[in-house]
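Quick caveat, the model's predicted, so the values are computed rather than measured. When a ligand or atom number is given, it counts from 1 through the structure's own listing order.
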Amino acid sequence: MLKTFQFSDISHTPYQRHIGTASEEIITRDAFNAATTEITAWEGYKPTPLHSLESLAAELGIGDIFYKDEGPRFGLGSFKALGGAYAAGKVLQRELTKKLDIPVTLADIRNGRYASEAKEITLVSATDGNHGRSLAWGAQRFGATCKIYIHKGVSEGRAEAMRQLGANVIRIDGDYDASVHLARKEADQNGWFVVSDTSWEGYVDPPLDVMAGYGVMTNEITDQLKTPPTHIFLQGGVGGLAASVCSALRQHWGQDTPRVIIVEPNLAACLFESARKDTVTTVEINEETMMAGLSCGEPSPIGWKILREEASDFIQITDELVAPSMRLLANPIGDDPFIEGGESAVAGLAAVISIALNPKLKDLLGVNEKSKVLVIGSEGATDKALYEKIMANE
Ligand SMILES: Cc1ncc(COP(=O)(O)O)c(C=O)c1O
């Protein structure tokens, strides 16, 4: 099974981290705590599992591989359930407080106290699937109206999942970044509220709320692990997930926080390029990667501010590694558990396997039999049809 992982499918750049306090100041401890208090009060909240892939780790000569499986998250299939829905509640809270001129709480929003007022508010976002699903779910829960912009590469299965949650889904001809720009433009013209998982100049509150929401997952990890891992491999789209996780880990473990390695598809490696140029850098997407959640050409500037201080390595992988990694999770080695992981979920694991099979990279990254490696399985089979096709090896 491991033979299918090619050394040539990976490239690495080390990064000289900047010294600073971004991990404390951008998403504060208070922001993480507030998000955790709210989200853990939602109906259906349950921590997701953290699996130890002991047999795979032994085969690769690594101490431990931990896989945080976000597939079961709120029945929505990905960690994104935490971010968009929480940010939806926060936007409604801010807007209704302003409009009604009384302090509105998140519990008021959650309990439908201002449902008729919430219905008049339209929340919009661009998405490659998972963020939009979370926003649509949040808007439905809180009674707001929701419009979602998707690009030409988003599968019909993912679009339908958002329609099922009551969203009006608008498909455009361009790529992810074009859908972000259109959502912004139409929101400006119509008085709608953008709830984006990425930031831009003058627009930071909702993406900060989104990243604070992801902290629930990191909190669970630190509870489940007790002692810090040595390495964490974090997949990057706009960098929101990675930035949130490494801030929360730094806040929790301080100096003992793990070495942070960012993993992206080579077809959308904007964080890798940002590291090489040491400044936020946009890349053009000429071809869609099958890791749909990671197909982003523009980093989130607030995410980058954290990653430039926390990430030590940046890696690009090719799409060829994705299907073998998904099949490996579904047909595990030895006593490892069966895991249903989606295309974007396995990026970190694919990188770990490729590195473990490459003595030079293994040495460079300090991965050995003493290492405890953590990866985030950020989604389950969020596109069932594609998942089945991959399993059938078609
Ligand atoms: C399943 C999955 N994993 C990872 C990511 C990357 O998150 P970010 O764009 O915050 O870097 C996404 C983004 O949509 C995703 O859907």
How about Tyr387 and Glu340: do any of their side-chain heavy atoms sit closer than 4.5 Å?
-> yes
Counting only heavy atoms, which portion of Glu70 has something under 4.0 Å from ligand 1: side chain, backbone, both, or neither?
-> neither
Take Arg163 and Glu156 through the test salt bridge (Lys or Arg N to Asp or Glu O under 4.0 Å) and record every step on the way to the result.
-> CA-CA 10 Å; Arg163 285 189 205 106; Glu156 204 28 49; 2.9 Å; yes
Would you call Met391 and Arg327 a side-chain contact if the rule is heavy atoms closer than 4.5 Å?
-> yes
Contact partition for Thr382 relative to ligand 1, non-hydrogen atoms under 4.0 Å = neither
How would you list, by chain and number, every residue that makes a side chain to side chain contact (heavy atoms under 4.5 Å, CB included) with Glu288, sequence neighbours excluded?
-> His151, Asp175, Ile285, Ser295
Shortest protein contact, atom 16 (O) of ligand 1 (heavy atom only) = Asn130 ND2, 2.8 Å
Show which atoms of ligand 1 fall inside a sub-4.0 Å distance from at least one heavy-atom site of Gly239.
-> 8 (P), 11 (O)
Just checking, Arg184 and Trp192: is the charged tip under 6.0 Å from the six-membered ring centre and within 45° of the axis?
-> no
May I ask you to list the atoms of ligand 1 that are less than 4.0 angstrom from any heavy atom of Ser344?
-> 1 (C), 2 (C), 3 (N)
In the protein, what heavy atom is nearest to atom 12 (C) of ligand 1, and what distance, to one decimal place, separates them?
-> Gly293 O, 3.4 Å
Residue-ligand contact His131/ligand 1, heavy atom below 4.0 Å = no
Closest approach of any protein heavy atom to atom 9 (O) of ligand 1, naming residue and atom | Val238 N, 2.9 Å
Mark up the atoms of ligand 1 that fall under 4.0 Å of a heavy atom belonging to Gly240, in ascending order.
-> 8 (P), 10 (O), 11 (O)
When you look for heavy atoms under 4.0 Å from ligand 1, do you find them on the side chain of Thr127, its backbone, both, or neither?
-> neither
Without hydrogens or angle criteria, can the side chains of Glu24 and Thr21 be said to hold a donor-acceptor pair below 3.5 Å?
-> no
Mind checking whether Tyr45 and Trp42 have ring centres under 6.0 Å apart?
-> no
Compute whether any side-chain donor of one residue and acceptor of the other, for Thr48 and Glu70, lie under 3.5 angstrom apart.
-> yes
Within reach of ligand 1, part of Leu241 (heavy-atom separation under 4.0 Å) = both
If you measure only the distance, is there a donor-acceptor pair under 3.5 Å linking the side chains of His231 and Arg259?
-> no
Salt bridge Asp64-Lys372, side-chain N to carboxylate O under 4.0 Å | no
Taking distance alone, with no angle check, do Gly237 and ligand 1 share an N/O pair under 3.5 Å?
-> yes
Just need the protein heavy atom nearest to atom 3 (N) of ligand 1, so name the residue and atom and give the distance.
-> Ser378 OG, 2.7 Å
For ligand 1, which atoms, with element, lie under 4.0 Å from some heavy atom of Glu379?
-> 1 (C)
Contacting atoms of ligand 1, where contact means under 4.0 angstrom from a heavy atom of Leu294 | 4 (C), 5 (C), 6 (C)
